[in-house]
Amino acid sequence: MTPKATAPPAKRPAVTLSKLAEKRALGEPIVMVTAYDYPGAQVAEEAGVDLVLVGDSGAMTVLGYPSTVPVTLEELLMLAAAVRRGLSTPLLVGDMPFGSYEASNEEAIHNAQRFVKEAGCDAVKLERGGTSAERARAIVAAGIPVMAHVGLTPQTATALGGYRSQGRTAERALDVVRDAVALQEAGCFAIVFEAIPSALTETIMPRMRIPVIGIGAGPAADGQVLVLHDLLGIYDGHAARFVKRYANVREAMVKGVAAFASEVRARRYPGPEHGYTMAPDELERLQELVHEQSGEPFTGGFTL
Ligand code: KIV
């Protein structure tokens, strides 16, 4: 065998739960993005993020539902399996959809296992405190790491009064503190704080021993997450105030497709460089064969 002239790029070690805990202890910010398909996973891999969440936000960003509520377990499992195929380094978290974990510990464990067995996820995420802390404890006891999610929990946005920031009065803020601590006590390895005042995050942080990933929760969290289609400017729905656009991919996609359409209509695409050639003697023989079979002279367009 001839040795390769250049060595392949060094592979990063896979991100583990202990690596995340270590990052938190060292004060190194943790980066999480969502992904819903194979190319999105490859982008996250190449960009070097720590965690990838197959979020139920995919209900809106890639499946076109009006909220995260209608997405099914089967749909998220299919998206998660595609992400798994494009990902090797970041920790992969599957988001348990609304209705897949609330009814009982047994159902929650069974459905969490599906994310691990069928889609290859490393962990699952569920929303809210209250009974969700009990479900999280049961899933963790069954051997599956759980990420929690408090503050604005989109699956129950109606009960929270809509898609609005949470914990803005002292009493509601105390509810968020209690939920976060209960989920930590239940054994969750990390927790998402969504759309809460930065000062509330600062108040909770000294009580947390697990990584806190913020989204609209200010800079005090141990890490930050954004929805891939928001940060890349692919999704054109309403963007929350915490969304920062780092690219305008949707505009580039529309431009690309429009350019293709215009070249096809102007007969500028395909050019000679996009076609396949045939040796002249083969073409001549083809004409003879066609003539033999049809009894008519070859004209270029024919049906045999
Ligand atoms: O579904 C999702 O994308 C999420 C993130 C916002 C954390 O839950």
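Each ligand, and each atom within it, is numbered from 1 in the order the structure gives. Numbers here simply count residues along the sequence, with the first being 1. Being a predicted model, the structure only gives us computed values, none of them experimental.
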Exercise for the section: State plainly whether the residues Arg84 and Asp122 are in salt-bridge range, i.e. N to O under 4.0 Å. Expected result: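 Looking at Asp122 together with Arg84, the answer is yes, because their closest N to O distance falls below 4.0 Å.
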Exercise for the section: Could you check which of Gly58, Ser57, Ala35 puts a non-hydrogen atom nearest to atom 2 (C) of ligand 1? Expected result: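 Going through Gly58, Ser57, Ala35 one by one, Ser57 has the nearest heavy atom to atom 2 (C) of ligand 1.
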Exercise for the section: Do me a favour and list the nearest non-hydrogen protein atom to atom 6 (C) of ligand 1 with residue, atom name and distance? Expected result: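 Ranking protein heavy atoms by distance from atom 6 (C) of ligand 1, first comes Ile215 CD1, 3.6 Å.
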Practice task
Tell me which protein heavy atom sits closest to atom 8 (O) of ligand 1, plus the residue, atom name and distance to 0.1 Å.
Solution key: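 Protein heavy atom at minimum distance: Lys125 NZ, 3.0 Å.
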Does a donor on one side chain sit under 3.5 Å from an acceptor on the other, for [X] and [Y]?
X      : Y      : result
Thr131 : Glu134 : no
Thr156 : Thr153 : yes
Thr89  : Glu45  : yes

Sub-4.0 Å atoms of ligand 1 with respect to non-hydrogen atoms of [X]:
X      : value
Gly55  : 1 (O), 2 (C), 3 (O)
Val227 : 3 (O)
His149 : 8 (O)

Exercise for the section: Answer yes if Val49 and Ile213 sit in the same cluster of Ile, Leu, Val, Met, Phe, Trp and Tyr residues linked by side chain heavy atoms under 4.5 Å apart, and no otherwise. Expected result: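 Val49 and Ile213: one cluster.
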Region of [X] engaging ligand 1 - heavy atom pairs below 4.0 Å:
X     : result
Leu53 : side chain
Asp95 : side chain
Thr34 : side chain

Exercise for the section: Could you tell me if the ring centre of His229 sits under 6.0 Å from that of Tyr36? Expected result: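 Here the rings of Tyr36 and His229 have centres that are less than 6.0 Å from each other.
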Exercise for the section: Please state whether Glu127 comes within less than 4.0 angstrom of ligand 1, counting heavy atoms only. Expected result: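 No.
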Exercise for the section: Please say whether more than 12 non-hydrogen atoms of neighbouring residues, nucleotides or ligands are located less than 6.0 Å from CD in Glu284. Expected result: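 No, not enclosed.
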